[in-house]
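Note sheet for the following structure.
In what follows, residues are counted from 1 in the order of the sequence shown. Scope of the values below: all heavy atoms of this structure, side chains included, with no hydrogens, waters or symmetry mates.
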Amino acid sequence: MSVHSYDEWSPLKEVIVGSGVRYDAHEVELSFRLFFHDVAGPFYYPTYGAPVSGRQELKKRYVEELNEDVEELATALANLSVTVHRPKKLTRSVDFRTPYWQASCVPALNIRDQAMVLGDEIIETPPQVRARYFENDLLKPVFYRYFTQGAKWTTMPRPVMTDNSFDTSYVSGQNAPALQEITDPQPSEFDVGFEMLLDAAQCMRFGRDVIVNVATENHALAVRWLERHLEGKFRFHVMHRFSDNHIDSLVLPLRPGTLLVRNPEVAEKLPAPLRSWDRIYPPEPTDNIFPQYEEDDMVLTTRYIDMNVLSVDENTVIANSLFPDLIKVLEKNGFTVIPVRHRHRRLFGGGFHCFTLDTVRAGEAEDYFS
């Protein structure tokens, strides 16, 4: 089938599941520091000694266990009669250089971040972290397959990503340590001012309506582009500074009329049409459900990452087997839960919603906000 997806919950027919093969390191530089400012700050800025920068290797065991868990996710989806597509795997470390900066490519693991399907169109969004600049090349064999089947395929303008491309105002207001390193970007002859930078995981689809988190001028520019490009086919509802970037560990629609919401404070910030929906609040996560890491292990997510579940249909949800209290709450609310293990979700920046891109769902362009 060609791509067809309008929401987050209708029966899932086809999906892409990411790959963590050769996720060997994090490249710590300005764009990475900005993106992960709220969770990895203490690692960047130790009390004593120089700030951490450059290539930070990940322990081989973590990467191996990550890939075991991702394969379990792909198998679980296939067992539910969902057609599973996979990106190309990185077979070696790939260093690259643009005229403006250099980085090392990461695998296409959190594929929800840089691509979304709106109806019959694949839209690739511009990266916010430099190491991810060429990540979507690993998805091109799948995208070309859909293109030959009739899908529209659009790539938003690729950013230059010099230091001055980034609007740092959101981070500057967070009182993070050593902000001078972020808020004093180096000038470049290639500066063009703020650029479109947006992750698709800042968007949530409700038929013809899309809620989108805008925390910076980079995000605002990207939403303006989406609105012009789609010419009224979808309605974008902007939430100003709902979060710094992604929202799928804050709120997820599980079916029409039901939301999984982190807490009542988050619910109060939702667009008015969603405030009448039923809310499921997950249990507060505790430290004992996560692995214990060493001081040199870089934690990239909050403890709420297990909210990042994947709906297979209006009654079925894939959730982390390592958070049984969340599974009990979902089952109490009438959902069938498919438990899948995901151990190192705090090290690799994503959960099951992040690891997947639903390309074909049965739902249509319904009007849920009227």
Side-chain angles (χ1 to χ4, degrees), residues 8 18 26-41 43-44 106 108-116 123-133 135-136 156 159 161 163 165-176 179 182-183 185 194-205 210-226 236-252 261-262 265-266 269-271 298-308 345-357:
E8 310 287 338
H26 296 305
E27 188 106 13
V28 180
E29 43 70 50
L30 182 137
S31 68
F32 187 93
R33 292 179 192 278
L34 276 171
F35 193 83
F36 294 108
H37 70 96
D38 57 334
V39 282
F43 188 90
Y44 302 153
V106 296
L109 173 64
N110 292 301
I111 56 176
R112 179 81 56 171
D113 295 357
Q114 295 190 169
M116 61 180 156
I123 298 180
E124 296 186 56
T125 57
Q128 297 190 73
V129 176
R130 288 166 174 160
R132 306 187 70 177
Y133 202 82
E135 180 182 320
N136 274 14
M156 293 178 67
M161 297 186 86
D163 287 4
S165 296
F166 300 90
D167 175 9
T168 63
S169 60
Y170 183 92
V171 174
S172 300
Q174 305 302 303
N175 297 316
L179 278 173
I182 292 177
T183 57
F194 293 152
E195 295 189 274
M196 300 177 203
L197 304 170
L198 180 81
D199 278 4
Q202 292 172 232
C203 303
M204 200 68 63
R205 301 163 304 149
V210 181
I211 62 172
V212 54
N213 174 52
V214 170
T216 68
E217 183 61 23
N218 305 121
H219 305 156
L221 286 166
V223 173
R224 218 171 299 159
W225 184 94
L226 283 167
F236 289 86
H237 305 264
V238 171
M239 299 185 297
H240 291 285
R241 298 197 168 188
F242 188 57
S243 171
D244 50 357
N245 43 69
H246 298 177
I247 60 174
D248 50 0
S249 289
L250 288 168
V251 58
L252 270 173
V261 186
R262 181 183 293 188
E265 291 74 22
V266 169
K269 299 177 182 178
L270 292 171
M298 188 184 297
V299 173
L300 297 183
T301 73
T302 70
R303 294 186 306 171
Y304 297 97
I305 186 61
D306 287 330
M307 258 192 68
N308 199 265
R345 59 274 204 201
R346 298 197 72 190
L347 296 186
F348 294 94
F352 298 141
H353 193 255
C354 299
F355 287 176
T356 54
L357 179 63

Which pair of non-hydrogen atoms, one from [X] and one from [Y], has the smallest distance, and what is that distance?
X: M307; Y: V261; answer: CE-C, 4.0 Å
X: G350; Y: N110; answer: CA-OD1, 3.3 Å
X: S31; Y: F166; answer: CB-CZ, 3.6 Å
X: H26; Y: M298; answer: CD2-SD, 4.2 Å
X: S169; Y: R241; answer: OG-NH2, 3.1 Å
X: A215; Y: S243; answer: CB-O, 3.3 Å

*Checking side-chain contact (heavy atoms from CB on, under 4.5 Å) for the pair L250/Y304: CA distance, chi angles, key distance, verdict?*
CA-CA 8 Å; L250 288 168; Y304 297 97; over 6 Å; no

With rounding to the nearest 0.5 angstrom, report the [atom1] to [atom2] distance, [X] to [Y].
X: E135; Y: D113; atom1: CD; atom2: CG; value: 7.0 Å
X: F236; Y: L226; atom1: CZ; atom2: CG; value: 4.5 Å
X: H37; Y: D244; atom1: NE2; atom2: CG; value: 4.0 Å
X: I211; Y: R205; atom1: CD1; atom2: CZ; value: 12.0 Å

*Between R132 and E27, does at least one N-O distance fall below 4.0 Å, as a salt bridge requires?*
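E27 and R132: not salt-bridged.
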
*Is D163 salt-bridged to R130, going by a charged N under 4.0 Å from an acidic O?*
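Salt bridge present between D163 and R130.
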
*side-chain contact (heavy atoms from CB on, under 4.5 Å) against N136, all qualifying residues, sequence neighbours excluded*: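 With neighbours one apart ignored, the set is Q114, A115, E124, L139.
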
*Yes or no on side-chain contact (heavy atoms from CB on, under 4.5 Å) for R112 and H353, after CA distance, side-chain angles and deciding distance?*
CA-CA 7 Å; R112 179 81 56 171; H353 193 255; 3.5 Å; yes

Would the distance check show the side chain of [X] and the main-chain N or O of [Y] forming a donor-acceptor pair, the cut-off being under 3.5 Å?
X: E195; Y: M161; value: yes
X: Y170; Y: V214; value: no
X: E29; Y: F32; value: yes
X: T125; Y: L198; value: yes
X: D199; Y: H246; value: no

*Which is it for T168 and R33 under the side-chain hydrogen bond (donor to acceptor under 3.5 Å, both in side chains) test, yes or no, and what are the steps along the way?*
CA-CA 11 Å; T168 63; R33 292 179 192 278; over 6 Å; no

*Just one of T301, D306, N308 clears the side chain to side chain donor-acceptor pair (under 3.5 Å) bar with R345, so which one?*
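Of the listed options, the one satisfying the test is D306.
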
_Name the residue from T302, L252, I247 that meets the side-chain contact (heavy atoms from CB on, under 4.5 Å) definition with R262._
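Only one option passes, and that is T302.
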
*Output, in order, the C-alpha distance, side-chain angles, deciding distance and verdict of side-chain hydrogen bond (donor to acceptor under 3.5 Å, both in side chains) for N213 and H219.*
CA-CA 8 Å; N213 174 52; H219 305 156; 5.1 Å; no

*asked:* F355: which residues meet the ring-ring contact (aromatic ring centres under 6.0 Å, His included) condition with it, sequence neighbours left out?
replied: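 For F355, the residues satisfying ring-ring contact (aromatic ring centres under 6.0 Å, His included) (neighbours in sequence not counted) are H342.
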
